Amino acid sequence: MHGDSILTDAWRRVAELASQPGANLIRPLFGADDQRARRFSASLDDLTLDFSKTSIGAETLVALLDLAHAAGLAGFRDRLFAGEAVNTTEGRAAMHMALRAPADAGLRAVLPEGVDDASGLAARERDRMRRFVASVHDGSLRGATGQPFDTVLNIGIGGSDLGPRMATEALTLARGPLMRARFLSNVDGHGFMALARELDPARTLVLVASKSFTTQETAENARAVRRWVAGALGEGAVGDHFVALSTNLKAVASFGIRPERVFGFRDWVGGRYSLWSPVGLSIALAAGWDAFQAMLDGARAMDVHFQAADFADNLPVLLALTGIWHVNGLGLRSHCVLAYDDRLARFPAYLQQLEMESNGKSVGLDGHPVPRPTCPVVFGGPGTDAQHSFMQLVHQGTSVIPVDFILAAEADHERPDAHRMLAANAFAQSEALLRGKARAEVEAEMRAHGASEPEIQAVAPHRVFSGDRPSTTIMFRRLDAYALGRLIALYEHKVAVQGWIWGINSFDQWGVELGKVLARGILSELAPGARPGGHDGSTASLIARFRALRGE
Ligand code: F6P
């Protein structure tokens, strides 16, 4: 049979299963199989993905695995690891795996003009980073006034901010940082105003992280911080305090950053995959080189697993297929991520870029509109906080929203009771979503508490939980740097797998461009005396009102 019709049939089979009565029910699956939790879980070392609290049964799993095969997943994965230009609209490889591989791993990236020894190049730059980090930590590299650096300020946005910021927080919240790390992303000047109050320029090492080195917000913030350093320490101090992390060495040079303070990478590293590259320098400075290296090692372990494991045991594949079932089978358009760990408080924000910038697409690889929904809306937060805010909607709202629960079994603090309480809440949430609470149960409980019949009739409907709401749980022993790297890479590959199955390019982000271009035009029109023009009525009147409110 032709590949296209195999794929069409595979999608049809998934749709058929999803349209069967009770396709969304989970509880009966547990009733029918007392080994379900084991059968619908997969592990890599101490990391387990439990997707048994979904309505994926044996037949559905087969259909989803068939879909993965029919979509050519193995071929896409091979092309990814072979360094081919899987980012077809930009003609680039997506070889972030080379950043966490040993120097001699032989990972290559195919470029229009030749082939990069990607793992070799990455290892050489990593070595420079390691020596640089050591010299900052041992005080041999100091600021212009001769004082050692005690703070690293990372200026960057999107992938040049979210990954490093999330990982730095994850690795330093419990044990404390080796250096204080601060992040400046938004072009809203209030952010830097607050930082400038807190930081001492003489002791601040500034990293300008920008893959392109053309990003408007980062450039503006870098200029502001440059003025702050130069104003306090003199123009000559800038060279001692600034570091650049970029692929655009020309632009870096014109900003005046010394060549030995520039850490480069190639455009086969996408922005949202760049925390493993020099863009992760803030992580290494704040959490230490060993932690940074362990994070790379954890990600590498997931790469090896993703490449080698059968799809039926392959964590990124299974996580991706679970999402495909929810989006395309059951028509669920949102996805919630709850990490029961304060150190991962920024993980959902990081994932929003990874998932939605990668797979927020409606045009397929063939240039035609995709025939089915792609990326859901991803949101989340730390548990238990989320339970006291938006989880009401997840339990009783009109939309069914699948949840990923993320939890470490051991904590890095001395309050085992608190950690058990945290874990109890994570397990209880997924159990509540699954189990629900029937009307009869609610009424019996109210009666037992002495409620009157009218009160029961009035209130009971509000206390009912439908149940059969899906979740997956990702659990591992402890959140060390290795586990963090593995977790991030799990989601990176999940996103790629989903993109391939949806038939889209997960590695470009053209959707961010139009707004950038329009903002440049509007910026010039906001200058005093400028004349706006060529806008729709709303935008024109907002610009006029903005200027009037400012008295301009
Ligand atoms: O606008 C989106 C984006 O291009 C992201 O993909 C990227 O992570 C971010 O901007 C920052 O880009 P850069 O690292 O080039 O400054």
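Excluded from the calculations below are hydrogen atoms, water molecules and symmetry mates; all remaining heavy atoms, backbone and side chain alike, are included. Both ligands and their constituent atoms are indexed starting at 1 by order of listing. Small disclaimer: the values here were computed from a predicted structure and weren't measured.
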Considering only heavy atoms of V512, which atoms of ligand 1 have at least one such atom less than 4.0 Å away? 1 (O), 2 (C)

G158: numbered ligand 1 atoms lying under 4.0 Å from its heavy atoms: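 Those qualifying, in numeric order: 8 (O).
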
Minimum-distance protein heavy atom relative to [atom]:
atom                    : answer
atom 11 (C) of ligand 1 : I157 O, 3.1 Å
atom 4 (O) of ligand 1  : K516 NZ, 3.6 Å
atom 8 (O) of ligand 1  : G159 N, 2.7 Å
atom 6 (O) of ligand 1  : E357 OE1, 2.7 Å
atom 15 (O) of ligand 1 : S212 OG, 2.6 Å
atom 12 (O) of ligand 1 : T215 OG1, 3.4 Å

For Q353 and ligand 1, does the shortest N/O to N/O distance drop below 3.5 Å?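 Min N/O separation from ligand 1 is below 3.5 Å for Q353.
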
If you take all heavy atoms of T204 and L153, which pair is closest and at what distance?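 Minimum heavy-atom contact is CG2-CB, 3.8 Å.
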
Taking only residues two or more places apart in sequence, or in another chain, which ones meet R223 in a side-chain hydrogen bond (donor to acceptor under 3.5 Å, both in side chains)?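 Testing R223 for side-chain hydrogen bond (donor to acceptor under 3.5 Å, both in side chains), a comparison that skips the adjacent residues, returns E220.
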
Any non-hydrogen side-chain atom of L407 less than 4.5 Å from a side-chain atom of D341?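 No - every pair of side-chain heavy atoms lies 4.5 Å or more apart.
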
Validation row, ring centre F132 to ring centre F263 under 6.0 Å: yes

For F149 together with H241, are the ring centres under 6.0 Å from each other?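 Between F149 and H241, which both carry aromatic rings, the centre distance is below 6.0 Å.
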
In chain order, what residues pass the side chain to side chain contact (heavy atoms under 4.5 Å, CB included) check against A284, with sequence neighbours excluded?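 A284 satisfies side chain to side chain contact (heavy atoms under 4.5 Å, CB included) with V133, W289, F292 once adjacent residues are dropped.
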
Does the plane of the ring in F507 sit parallel, tilted or perpendicular to the ring in Y273? Use 30° and 60° as the thresholds.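 Aromatic pair F507/Y273 classed tilted.
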
